[in-house]
Number of protein chains: 2
Amino acid sequence: MAKIATTVYEQIRTAILNGELSNSERLVEEDLAVSMGISRTPVREALRRLAAEGLVDVSPNRGARVAEWDVHDLREIFDLRSILESHACELATPRASAAEIEFLENICTEMEELAETDLSSETRLPALAARNRIFHGKIIEMSNSTRLGLLIETLIHVPIVMQTYKVYSPEALQRSLHHHREIVNAMKAGDEVWASSVMRAHVLAAREEILGQPDPE
Amino acid sequence: MAKIATTVYEQIRTAILNGELSNSERLVEEDLAVSMGISRTPVREALRRLAAEGLVDVSPNRGARVAEWDVHDLREIFDLRSILESHACELATPRASAAEIEFLENICTEMEELAETDLSSETRLPALAARNRIFHGKIIEMSNSTRLGLLIETLIHVPIVMQTYKVYSPEALQRSLHHHREIVNAMKAGDEVWASSVMRAHVLAAREEILGQPDPE
DNA sequence: ACGTTAAATTTTGTATACAAATAGAGCAGC
DNA sequence: GCTGCTCTATTTGTATACAAAATTTAACGT
């Protein structure tokens with residue numbers, strides 16, 4: 001059987017990612033423990049792990065809260081994502097096998113077909129978001145850099161980043177899908193400069209779609 | 001008084017960073033606890049924290065070991081450092097104040113003076129390494145991106161990266177100091193492309209100095 | 001001698017107990 | 001009504017106890 005601490009960790013994590021916990025909600029160890037019928041020990045471990053990932057903030061003797069992110073945080077996150085995922089494309093392109101290219105192409109097709117159906121349906125947006133994550137994750141995996149993957153992971157687990165498509169306009173969605181298709185074409189052509197440039201543009205476009213105009217600071 | 005867990009964390013951490021613990025040495029909770037006269041609980045917390053940072057590896061029911069890094073790991077680390085620190089330069093340049101430029105210039109001067117003295121002395125290399133860390137840290141701080149700082153931090157705490165200068169040839173050291181000076185000059189001129197390019201070259205040069213020629217894979 | 005299996009020991013994972021710190025309620029004073 | 005205080009209740013931090021898993025040791029047969 002899996003460790004209890006890991007189970008707790010995953011439960012709290014998905015709860016945060018799905019936005020089921022309100023912003024900066026207090027996470028009391030005892031409460032979580034009794035609600036799950038376990039002791040505080042594994043709860044503590046899970047919370048510390050989430051803190052290390054940046055999903056919760058803990059202050060000494062004051063406990064843990066769900067982390068929250070302001071506009072400046074999101075700007076930082078998308079800026080870094082644009083750099084790191086672009087780099088992933090650069091590394092992945094010369095390594096890409098025919099099978100991997102085909103895999104990415106299939107996801108593009110699936111997403112395009114999904115986008116043509118009624119988007120107001122409950123199931124469409126999650127389906128798109130899931131495939132989007134697979135698409136980006138696959139390219140990161142293809143980059144063959146464990147640490148690059150880990151760095152990106154620590155960035156994108158912020159709820160708003162996970163739920164990107166929820167705030168997309170139809171035009172933004174179309175542009176996003178075109179970017180995906182163009183990235184695969186660039187990789188197919190073995191052109192890592194092209195591929196990485198489109199990826200960078202793709203993430204920065206998402207940034208603007210979510211944040212609106214750049215803040216002057 | 002500070003939390004015991006934090007104290008333990010720092011002790012183990014510096015022990016690893018100073019290379020006082022042999023590679024992949026087992027870290028038994030009970031042993032560490034009794035040797036410090038405390039219970040296992042804070043030791044556990046410290047070990048999990050170090051695991052999240054990548055300084056130790058933990059396997060379920062099998063405990064923690066000091067992490068070790070092979071050539072491929074180091075290559076990944078320096079590649080990512082080159083990208084992220086270069087980005088830090090890009091962000092820092094337009095924000096740099098006169099005082100900050102002067103601060104960096106002073107470090108450059110100090111390091112140049114240290115390099116002219118007898119390098120075989122016990123104290124010279126640590127003094128250089130400390131100033132090197134301050135130099136890079138200052139630029140990261142000037143970039144004003146909390147997350148960028150955190151990402152870089154998780155990369156550079158690997159012992160070999162911390163102790164870079166220990167393996168430098170005199171020529172490599174000179175080149176490194178020239179890079180530092182050039183970076184400051186570029187920032188002073190407000191040229192973020194120049195500054196970030198030199199920084200990228202600076203880190204990639206360090207990579208080659210430490211790893212030798214690129215592995216063909 | 002060698003390998004295999006089974007007990008014994010060690011070590012981790014979780015629960016519980018207690019101490020230390022913090023937050024909050026209630027009340028005094030202005 | 002508001003501010004600042006004390007005391008209580010809550011909550012975190014650490015220690016200890018026990019259960020579960022893994023590693024080591026020992027025994028046994030071939």
*Describe, in one word, how the ring planes of B:His180 and B:His136 are oriented to each other, choosing from parallel (under 30°), tilted (30 to 60°) and perpendicular (over 60°).*
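Judged by the thresholds at 30° and 60°, the geometry between B:His180 and B:His136 is perpendicular.
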
Would you mind reading off the distance between [X] atom [atom1] and [N] atom [atom2], rounded to a whole angstrom?
X	N	atom1	atom2	result
B:Leu27	C:dT10	CG	C1'	16 Å
A:Arg65	C:dA23	CZ	C1'	11 Å
A:Glu29	D:dT14	CD	P	11 Å
A:Asp31	D:dT10	CG	P	11 Å
B:Asn61	C:dT10	CG	P	18 Å
A:Ile4	D:dC18	CD1	C1'	14 Å
B:Glu30	C:dT11	CD	C1'	9 Å
B:Met36	D:dT14	CE	P	13 Å

Does A:Leu47 reach a base, just sugar-phosphate, or nothing at all? Heavy atoms under 4.0 Å.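 Touches nothing.
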
For the backbone of A:Glu90 and the side chain of A:Thr93, can you confirm whether one donor and one acceptor N or O come within less than 3.5 Å of each other?
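No.
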
Verify the contact: side-chain N or O of [X] to OP1 or OP2 of [N], cut-off strictly under 4.0 Å; return yes or no.
X	N	answer
A:Arg40	C:dT16	no
A:Arg48	D:dG13	yes
A:Thr41	C:dT14	no

Query - Qualifying residue, where the test is side-chain contact (heavy atoms from CB on, under 4.5 Å) with B:Leu84 and the options are B:Ile140, B:Ile156, B:Leu155, B:Val203 - result: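 Answer to the side-chain contact (heavy atoms from CB on, under 4.5 Å) test with B:Leu84 among B:Ile140, B:Ile156, B:Leu155, B:Val203: B:Leu155.
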
Check: With respect to the side chain of A:Arg44, which nucleotide from C:dT14, D:dT14, C:dA21 is positioned closest?
Finding: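 Closest nucleotide to the A:Arg44 side chain: D:dT14.
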
salt_bridge(A:Arg95, A:Glu100) N-O dist < 4.0 Å
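Looking at A:Glu100 together with A:Arg95, the answer is no, because their closest N to O distance does not fall below 4.0 Å.
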
Item to complete: Specify the residue among A:Ser39 and A:Arg62 whose closest nucleotide of DNA chain C lies further upstream toward the 5′ end.
Response: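 Looking at DNA chain C, the more 5' nearest nucleotide goes with A:Ser39.
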
Can you see whether B:Ser82 engages B:Arg200 through a side-chain donor-acceptor pair at a distance of less than 3.5 angstrom?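 Their side chains do contain a donor-acceptor pair, which is all the 3.5 Å distance test asks for.
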
